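Right, one structure below, let's go through it.
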Amino acid sequence: MSLACVTSRALDGIAAPEVVAEVHLANGLPGFSLVGLPEAEVRESRDRVRAALQTCQFEFPQRRITANLAPADLPKEGGRFDLPIALGILAASGQIRSGALDGIEFAGELSLDGRLRPVRGALAMALAASRAGRRLVLPADNAGEAALVAGASVFSARSLLEVVAHLNGQHELDPVATISGAQTAPAYPDLADVRGQQTAKRALEIAAAGRHSLLMYGPPGSGKSMLAQRLPGILPPMNEVEALEAAAVQSIDGGFDPARWAVRPVRAPHHSASAAALVGGGASPRPGEISLAHHGVLFLDELPEFDRRVLESLREPLETGHITVSRAARRADFPARFQLVAAMNPCPCGHHGSNTGRCRCTPDQVARYRGRLSGPLLDRIDMVLEVAAVPATELRATAPGEASVAVRQRVVAADAVQRARQGTPNSALDAPGVERHCNPDEAGSRLLASAIAHLGLSARGTHRLLRVARTIADLAGCDTVGAGHVAEAIQLRRSLPMPA
């Protein structure tokens with residue numbers, strides 16, 4: 001047989017489209033051509049495959065070899081096609097028995113001695129292969145990741161020799177047992193460590209219960225970062241769908257650790273991060289920080305210090321929960337349902353409004369500093385909270401606060417109510433969902449109308465206020481959104497005050 005076809009998978013966003021490696025041996029001068037829109041890493045596979053086959057004592061055909069990665073219009077990147085191409089050459093030259101490749105998909109990068117190295121996107125490939133009803137052979141280092149896909153038939157191999165022995169019936173590869181993904185809960189900092197700041201801790205509980213975005217502003221040392229670091233410890237647990245989606249994004253980036261299965265991701269990029277680093281990009285689009293924080297927390301400290309264009313790129317993902325990275329030759333869609341938690345100082349020196357009189361910023365400097373945050377961006381943040389500094393004497397005299405375990409119990413209970421009522425957290429409700437589930441009673445409606453008139457709330461801002469009010473009612477165990485819930489939501493919806 002001079003033609004062999006081996007099935008594999010490429011990566012396109014978080015999807016893993018099917019790719020068929022077609023290998024043809026023809027008469028003529030010996031040569032090795034690789035076609036099918038391969039990128040540089042794929043073109044280099046010719047040398048890796050030749051060296052691996054020769055090192056493993058297989059016969060490398062002295063004929064004209066053409067390897068086509070179909071479909072031709074799908075860009076191919078990475079070393080994942082080394083193993084399929086090598087198997088195609090062996091099958092076309094009769095060194096693998098006929099029909100052995102049927103119903104199996106392969107992916108793996110070859111070292112020069114024939115060992116298999118791990119590849120990115122193993123979880124996405126396992127999901128796609130399972131849906132297609134095929135078995136999947138992966139490098140051993142990817143086995144733990146692929147084993148998280150329930151129902152997938154995955155085999156792990158350490159070398160090309162093991163794969164060929166399996167296909168020729170000489171030695172069976174051991175199937176990878178599907179694991180439940182249970183793990184020890186990570187040790188998050190405890191909310192009891194925060195002394196005072198009862199209003200801020202209440203806002204943090206509301207944000208966790210409804211997955212709402214939160215902006216905290218206050219002087220240095222007031223506890224903004226300390227509060228943000230304790231948010232993951234009070235969030236509700238991830239369900240299986242959320243865990244798979246979050247793991248799939250991290251797998252594509254190559255940073256997924258099976259030990260952190262079902263642990264909400266927390267990303268905290270430095271304020272010097274570029275727009276591409278935050279939302280994703282590159283010639284072959286990779287997920288950015290907002291996608292790597294999918295179903296987790298994105299913490300942006302020193303928010304006004306980020307480049308304005310970087311901050312403006314957050315507007316669409318905050319609204320839609322996904323991001324589309326477009327390039328001249330290709331486009332990739334990534335999920336981005338993250339919870340934004342941001343912190344900032346009230347002015348460049350950080351002491352505006354304090355009683356110490358240490359601030360030397362002019363009103364114009366303060367206005368320019370706060371003006372780095374545009375109105376449309378602030379309109380998409382659910383809660384804006386001032387975190388005042390707590391005097392050192394009060395810190396020493398105040399007893400430890402409520403522990404994260406107790407707060408998390410209330411958050412989990414409120415989350416369960418939301419899931420039973422509408423299937424999603426309150427922050428993800430669309431406009432019809434807000435009308436259906438968040439309408440306040442008569443007193444609450446009057447208070448809301450007054451707030452719209454006095455605060456100039458937009459339609460988006462009104463809907464976000466109602467979602468927060470619905471979460472407050474859920475924490476209180478109330479079926480109806482009342483005036484008290486609306487009043488607290490209004491207090492947490494106040495825009496960042498500008499200097500006089």
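Since this is a predicted model, take the numbers as computed values, not measurements. We use all heavy atoms of the structure for the numbers below, so side chains are in, but hydrogens, waters and symmetry mates are not.
- Summarising the geometry of Phe299 relative to Ala228, their closest heavy-atom pair is CE1-CB, 3.5 Å, with the distance given to 0.1 Å.
- Remark: Glu302 CD is packed, more than 12 non-hydrogen atoms of other residues, nucleotides or ligands lying under 6.0 Å away.
- Within the structure, the salt bridge (charged side-chain N to carboxylate O under 4.0 Å, His left out) test picks out the following pairs touching residues 405-423 (sequence neighbours left out): Glu205-Arg410, Glu242-Arg419, Glu402-Arg410, Asp415-Arg419, Arg421-Asp474.
- Every residue was checked against the ring-ring contact (aromatic ring centres under 6.0 Å, His included) condition with Tyr188, not counting sequence neighbours, and none meets it.
- In terms of heavy atoms, Ala128 sits closest to Ala16 at CB-O, 3.7 Å.
- The shortest heavy-atom contact between Pro189 and Ser404 is O-OG, 3.9 Å.
- The backbone N or O of Pro335 sits less than 3.5 Å from a side-chain atom of Ser291, completing a donor-acceptor pair.
- Interatomic distance, CG of Leu138 versus CG of Leu173, reported as 11.0 Å (0.5 Å rounding).
- At a cut-off of 3.5 Å, with distance as the only test, a side-chain donor of Glu312 or Ser374 sits close to an acceptor on the other residue.
- With Thr66 contributing its side chain and His24 its backbone, the two residues share no donor-acceptor pair below 3.5 Å.
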For Asp141 and Arg117, what are the C-alpha separation, side-chain angles and deciding distance, and is it a side chain to side chain contact (heavy atoms under 4.5 Å, CB included)?
CA-CA 7 Å; Asp141 288 341; Arg117 292 195 172 111; over 6 Å; no

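- Listed by first then second residue, pairs satisfying side-chain hydrogen bond (donor to acceptor under 3.5 Å, both in side chains) with a partner in residues 40-52 read Arg48-Asp82, not counting sequence neighbours.
- No donor-acceptor pair under 3.5 Å is formed between the side chain of Glu145 and the backbone N or O of Phe256.
- Among residues two or more places apart in sequence or in another chain, the ring-ring contact (aromatic ring centres under 6.0 Å, His included) test is passed with His166 by Phe155.
- Listed for the Ser130 side chain is no donor-acceptor partner under 3.5 Å among the backbone atoms of Ala126.
- Annotation: the span from Ile65 atom CD1 to Ser2 atom OG amounts to 12.0 Å, rounded to 0.5 Å.
- Between Leu69 and Leu37, every side-chain heavy-atom pair lies at or beyond the 4.5 Å cut-off.
- Checking side-chain atoms of Arg230 against main-chain N and O of Asp190 turns up a donor-acceptor pair under 3.5 Å.
- Counting only N and O atoms by type, the side chains of Glu245 and His295 include a donor and acceptor under 3.5 Å apart.
- Under the side chain to side chain donor-acceptor pair (under 3.5 Å) criterion, Arg467 pairs with no residue at all, not counting sequence neighbours.
- Note that SG of Cys5 is 5.0 Å distant from CD of Glu22, once rounded to the nearest 0.5 Å.
- A side-chain donor from one of Ser93 and Gln95 sits under 3.5 Å from a side-chain acceptor of the other.
- Put simply, the side chain of Val341 does not reach to within 4.5 Å of the side chain of Leu298, judged on heavy atoms.
- With sequence neighbours excluded, the residues forming a salt bridge (charged side-chain N to carboxylate O under 4.0 Å, His left out) with Glu305 are Arg372, listed by chain and number.
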Tell me, with the steps shown, if Val249 and Leu292 meet side chain to side chain contact (heavy atoms under 4.5 Å, CB included).
CA-CA 6 Å; Val249 177; Leu292 296 173; 4.0 Å; yes

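- Considering only heavy atoms from C-beta on, Pro269 comes within 4.5 Å of Leu300 through its side chain.
- Judged as a salt bridge (charged side-chain N to carboxylate O under 4.0 Å, His left out), and not counting sequence neighbours, the contacts of Arg380 are Glu319.
- Lys76 places no side-chain N or O within donor-acceptor distance of the main-chain N or O of Val42, the cut-off being under 3.5 Å.
- A search for salt bridge (charged side-chain N to carboxylate O under 4.0 Å, His left out) contacts involving Asp174 returns nothing, not counting sequence neighbours.
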Test side chain to side chain contact (heavy atoms under 4.5 Å, CB included) on Val297 and Phe338 and set out the steps.
CA-CA 6 Å; Val297 176; Phe338 59 94; over 6 Å; no

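- Checking side-chain atoms of His171 against main-chain N and O of Ala165 turns up no donor-acceptor pair under 3.5 Å.
- Taking each heavy atom of Val263 and Met238 in turn, the nearest pair found is C-SD, 3.7 Å.
- Thr471 contributes no side-chain N or O that, together with a main-chain N or O of Ala209, makes up a donor-acceptor pair within less than 3.5 Å.
- Side-chain N or O atoms of Gln418 include one that pairs as donor or acceptor with a backbone N or O of Asn426 at under 3.5 Å.
- Ile381 is not listed as a side-chain neighbour of Arg464, based on a closest heavy-atom distance of 4.5 Å or more.
- Listed by chain and number, the residues in a salt bridge (charged side-chain N to carboxylate O under 4.0 Å, His left out) with Asp257 amount to none (sequence neighbours excluded).
- For the atom pair Leu385 CG and Leu215 CG, the distance stands at 8.5 Å (nearest 0.5 Å).
- Using a 4.5 Å heavy-atom threshold, the side chains of Val6 and Val20 count as separate.
- Rounded to the nearest 0.5 Å, atoms CE (Met383) and OG (Ser427) are 11.5 Å apart.
- With Arg80 contributing its side chain and Arg120 its backbone, the two residues share a donor-acceptor pair below 3.5 Å.
- Here the side chains of Leu87 and Leu160 are in contact, with some heavy-atom distance below 4.5 Å.
- Note that CD of Gln422 is 8.0 Å distant from CZ of Arg470, once rounded to the nearest 0.5 Å.
- Side-chain contact between Asn345 and Tyr217 is absent, with no heavy-atom pair separated by less than 4.5 Å.
- The minimum heavy-atom distance linking Leu148 with Leu244 is given by the pair O-CD2, 4.4 Å.
- Looking only at atom types and distance, the side chain of Asp113 has no donor-acceptor partner in the side chain of Thr55 under 3.5 Å away.
- Within the 4.5 Å cutoff, no side-chain heavy atoms of Asp333 are placed close to those of Ile14.
- Every side-chain contact (heavy atoms from CB on, under 4.5 Å) that Ile104 has, sequence neighbours left out, goes to Phe106, Arg135, Val137, Leu167.
- Applying the side-chain hydrogen bond (donor to acceptor under 3.5 Å, both in side chains) test to every pair with at least one member in residues 4-21, sequence neighbours left out, gives these pairs: Arg9-Glu105, Glu18-Arg134.
- Salt bridge Glu77/Arg286: absent, no basic N to carboxylate O contact under 4.0 Å.
- Each side-chain hydrogen bond (donor to acceptor under 3.5 Å, both in side chains) pair with one or both residues in residues 271-280, not counting sequence neighbours, appears once here: His270-Ser272.
- Scanning all heavy atoms of the two residues, the minimum distance from Ala91 to Ala4 falls at CB-CB, 3.6 Å.
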